[in-house]
S.K.: 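Just passing along the structure, written as structure tokens.
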Amino acid sequence: MENSSSMRKPIIVGNWKMYKTPKESLAFLDAFLPLVAGHERDEIALFPTISSLGYVLDALAGSNVRAGAQNMHWLDEGPYTGETSPTMLMSIGCKHVLLGHSEQRLYFNESYDRVNLKLKAAINHGITPVVCVGELLAERQDGKTEEVLRDQLRTAMNNITASEAAHLVIAYEPIWAIGTGSTATPEIAAEAHAIIRHQLAECCTPTLAENTRILYGGSVKPENISSLMQQDGIDGALVGGASLAAANFAAIVKYA
Ligand code: PGA
């Protein structure tokens, strides 16, 4: 029997962080695209730096791989040095954006109030947002994981309706697992995903919660992707380090 989670097509996302020049990005695609040609089971997306994004989008035209930006401002234009707007992303064909990544929160003072503004802007422009949430190690050790995830989502989703959030993707990224090599166990991840889904039902509607894809991120590798994807509420992965090499990332996309 098909369960309702089969409505949620899995999505495997590569987050390249501050790696790869345009030349290196295109060399990756030359190696990667043949490895995933015809792969339909999962959606595939890459998030290069802003300097590579236009080249990557052009190179991906007609392929089964999408690309998005790692961040954006919420306004269309203005005196905001160093920022990129949603209209600018749209103008180069970019229809996905990562919001609230923990590295933005930890190193550049990103807040969930701002994530909320950016999320509204993404929705208004028809850009698919991937919103990151996740707790610090100390918060987990203090038994605050549920409270932290709920607060993050509540703020990010403030004044956003279920129909507006229809294309929203959430990434659960426990900060203690990012770039550390220590992945959350599938059980820990599934428990956090259930908390997030419950909160989405409260913020919006149970139907939205049921339909929203929730990705796991934090030291995902070819060796652990299958056990994570076997968990009922895990609908994909956000992959940092292991998305930088084409063969590695293709192995993750094609998990058993
Ligand atoms: P990682 O990063 O896979 O290198 O742990 C994940 C992320 O930051 O999105």
Side-chain angles (χ1 to χ4, degrees), residues 10-20 24-25 28 32 42-50 52-53 56 65-72 94 96-112 115 118-119 122 128-137 139-140 145 148-149 152-153 156 168-186 188-190 192-193 196 213-229 231 234-255:
I11 170 166
I12 309 293
V13 180
N15 169 17
W16 284 353
K17 309 191 179 196
M18 201 170 71
Y19 294 98
K20 292 193 191 295
E24 289 162 346
S25 303
F28 174 100
F32 179 68
D42 312 83
E43 278 179 36
I44 310 167
L46 290 166
F47 287 68
T49 64
I50 203 72
S52 290
L53 183 57
V56 168
V65 180
R66 312 261 169 275
Q70 296 176 9
N71 193 10
M72 68 173 197
C94 172
H96 294 74
V97 71
L98 203 57
L99 298 176
H101 189 278
S102 62
E103 284 151 14
Q104 281 293 321
R105 287 184 272 133
L106 289 174
Y107 308 132
F108 304 103
N109 293 320
E110 181 68 303
S111 69
Y112 279 102
V115 171
K118 294 176 179 188
L119 180 53
T128 299
V130 181
V131 173
C132 303
V133 294
E135 78 287 1
L136 295 161
L137 182 59
E139 291 167 336
R140 173 161 286 273
T145 301
V148 168
L149 294 177
Q152 291 174 340
L153 280 165
L168 172 70
V169 177
I170 303 282
Y172 169 58
E173 295 214 311
I175 293 169
W176 46 271
I178 294 178
T180 59
S182 67
T183 320
T185 62
I188 288 179
H193 283 221
I196 291 167
R213 291 176 294 180
I214 305 177
L215 317 182
Y216 167 77
S219 299
V220 172
K221 316 176 246 266
E223 300 77 49
N224 58 28
I225 180 74
S226 296
S227 58
L228 288 160
M229 291 305 291
Q231 296 288 327
I234 300 185
D235 309 311
L238 179 52
V239 187
S243 72
L244 292 170
N248 251 351
F249 190 50
I252 292 175
V253 167
K254 298 200 264 185
Y255 61 90

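One-based numbering, in listed order, for ligands and for the atoms of each. Both backbone and side-chain heavy atoms feed into the values below; hydrogens, waters and symmetry mates do not.
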S.K.: Strictly under 4.0 angstrom, heavy-atom based: which residues surround ligand 1?
M.R.: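 Residues N15, K17, H101, E173, A177, I178, G179, G218, S219, L238, V239, G240, G241 each place a heavy atom under 4.0 Å from ligand 1, listed by chain and number.
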S.K.: If we ignore hydrogens and angles and just use 3.5 Å, is the side chain of S243 paired with the main-chain N or O of F249 as donor and acceptor?
M.R.: no
S.K.: According to side-chain contact (heavy atoms from CB on, under 4.5 Å), who are the partners of H96, at least two apart in sequence or on a separate chain?
M.R.: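 So H96 forms a side-chain contact (heavy atoms from CB on, under 4.5 Å) with F47, R66, T128.
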S.K.: Does the side chain of E173 come under 3.5 Å of the side chain of H101 through a donor N or O and an acceptor N or O?
M.R.: yes
S.K.: Rounded to the nearest 0.5 Å, what's the gap from CD1 on I252 to NZ on K221? Could you check?
M.R.: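 Reported value, rounded in 0.5 Å steps: 9.5 Å.
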S.K.: Here's a test for you: under side-chain contact (heavy atoms from CB on, under 4.5 Å), which of N15, I12, V169 qualifies with L238?
M.R.: N15
S.K.: Please work out which of the three classes, parallel, tilted or perpendicular, describes the rings of Y172 and Y216, given edges at 30° and 60°.
M.R.: tilted
